[in-house]
Amino acid sequence: VFLCLGAAAGIFSYFTLFKNVPGGIYFTALIIIPFYLVGFITIFGQPFEKIAWNVLYDNFICPAKRCYEVHHPEYEKLIRENTAEDLAFQENVEKIASDESEEEATADNANNKDKKKKKKTKTKSQPKKKDKEKKEELTADGPYVLYQPDGQIRVINVDKKGNIIDTTYTTLPQNFTLHVTDHKGRFPFDVKLHPVKRPGWNYPQADKVFVMSDPHGRLDCVISLLQGNHIIDKDYKWSFGKNHLMIIGDIFDRGKDVPQIFWLFYKLEEEAAKAGGHVSFILGNHEPMVLANDLRYTKEKYKILAEKLKMEYLRLFGPDTELGRWLGTRNTMQMIGNDLYVHAGLGKDFYDKNLSIPTVNEEMSKGLFMTKKERKALSPLTAFLYGNSGPIWYRGLVRTDGKYNPLAKDSLEMIMDRYKAKHIIVGHTIFKDISTFYNGKVIGVNVDNKENRKKKRGRAMLIKNNQYFVVGDKGIQRQLE
């Protein structure tokens with residue numbers, strides 16, 4: 001019966017679909033095959049069912065689906081709708097998507113006092129549990145190099161057992177070397193101190209530019225990405241030749257290897273320069289947050305260390321420290337070839353300020369080690385640059401929600417024309433994979449590094465021969481459209 005019905009359906013489909021619909025052969029097959037499938041299963045039983053299904057799926061269903069995608073007039077609309085839903089991923093994976101704003105970066109004194117009281121109350125009610133947590137969370141850390149007012153140098157390390165090693169030198173020994181590992185004692189490398197100065201803001205296009213963003217204290221993810229793409233070798237040394245490595249901000253917070261990542265890029269900067277290459281780290285929003293003592297996203301181990309050292313955590317990165325001196329000279333905006341790099345984005349309010357890139361970099365450095373109140377008092381320009389519409393916070397290049405003040409296309413063209421940029425490349429806002437906006441003129445490279453490493457999704461971008469590629473921990477994955 002089913003075989004006869006299949007034959008009848010075939011004759012009907014031939015005259016209605018086969019000749020008149022693109023890919024009609026596949027749709028004809030989809031109508032006929034179920035009748036024959038049921039008929040043969042009835043005759044031959046379940047073994048035939050598995051074989052028949054595989055043949056049906058591979059040879060008819062998949063091709064028919066592809067044909068539908070090509071010819072269906074609503075397909076592109078469906079893709080755009082799905083892409084819009086994917087953008088909401090940022091709301092779920094980054095807790096600060098809607099509430100991390102510059103206005104909240106420094107709470108008022110009354111709120112701070114209330115929080116401290118609550119924290120003290122909680123500590124008294126569970127003293128044993130809190131002490132246990134403190135002991136467990138103090139892991140390998142540092143080193144921190146602090147320059148004392150009397151000219152001595154204090155070097156602080158924490159070993160993997162949680163022991164603090166605090167040494168003060170009158171003068172540093174010749175060939176003084178810092179030994180660095182991650183919080184578990186892995187990935188050991190040595191660092192020699194070198195002179196620090198502000199990098200240039202405008203670099204020619206290198207043969208290759210490797211772009212990553214928002215490492216957030218996860219050294220294992222950084223090492224995996226850089227080794228997998230031959231930026232560093234097995235000994236964590238520069239192996240990228242005369243090419244350029246760009247990191248778009250945010251090393252502080254969320255992870256347990258913050259100073260270690262700073263030291264790695266500090267070291268690679270010197271090694272790259274000797275090879276004719278470059279390493280550029282530009283400021284994100286978490287650098288000035290921590291340096292203004294906003295520790296909402298800082299791991300507990302760092303607060304414990306500061307408490308044991310009887311100092312504020314931000315002092316370990318202050319202007320009188322080696323890493324602080326290095327951070328104080330980092331740029332906020334930078335050009336490489338025709339690409340403009342900035343942590344979060346640039347909006348219409350920024351355009352109206354008519355600022356040069358060197359001016360932005362200098363003004364941001366002036367306020368880096370200040371509190372929010374001090375930044376406002378310094379100048380209206382400093383207050384603006386550190387505010388929601390400034391380059392380290394503004395999300396309107398990659399978010400369309402009204403609260404982010406999305407940038408109009410004509411305003412984007414004006415910004416790109418002013419800075420002679422063909423692309424603006426940003427981090428800050430997290431997506432499932434490397435993403436493009438405004439027909440590819442804006443590229444967002446911030447992802448959940450831990451999650452994307454696990455799921456083998458894109459984690460960075462490689463620019464080579466004027467082509468843009470998404471890369472993962474094992475190299476190029478695809479060309480960026």
Exercise for review: Apply the test salt bridge (charged side-chain N to carboxylate O under 4.0 Å, His left out) to residues K348 and D352: give CA-CA distance (whole Å), side-chain angles for both, the deciding distance (0.1 Å), then the verdict.
Suggested key: CA-CA 6 Å; K348 183 62 166 57; D352 292 340; 2.9 Å; yes
**Study point:** Worked verdict on Y394 versus Y404 for ring-ring contact (aromatic ring centres under 6.0 Å, His included)
**Key:** CA-CA 7 Å; Y394 178 71; Y404 297 116; 8.9 Å; no
Check your understanding: Given the rule in the side chain to side chain donor-acceptor pair (under 3.5 Å) test, do N361 and N331 qualify, once you have shown the distances and angles that lead to the verdict?
Key -> CA-CA 5 Å; N361 292 336; N331 291 328; 3.3 Å; yes
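Between E451 and K454 no salt bridge is recorded (no basic side-chain N to carboxylate O distance below 4.0 Å). Here K237 does not pair with D233 in a salt bridge; the nearest charged N to carboxylate O distance is not below 4.0 Å.
Ring pair Y302/Y313 is tilted by interplanar angle, where 30° to 60° counts as tilted. Using bins of under 30°, 30° to 60° and over 60° for the plane-to-plane angle, the ring pair F437/F431 lands in the tilted bin. Between F265 and F281, the ring planes lie parallel to each other; the angle is under 30°, not in the 30° to 60° tilted range.
The OG atom of S224 sits 6.5 Å away from the NZ atom of K474 when rounded to the nearest 0.5 Å.
With no hydrogens or angles considered, a side-chain donor-acceptor pair links Y147 and E322 at under 3.5 Å. If you check the side chains of H343 and H428, you find a donor sitting under 3.5 Å from an acceptor.
Each of Q334, H423, K422 was scored for a side chain to side chain donor-acceptor pair (under 3.5 Å) with D339, with one residue passing: H423. Under the side-chain contact (heavy atoms from CB on, under 4.5 Å) test applied with I251, the options E287, H216, R218 reduce to a single match, E287.
Within 6.0 Å of NZ on K192 lie more than 12 heavy atoms contributed by other residues, nucleotides or ligands.
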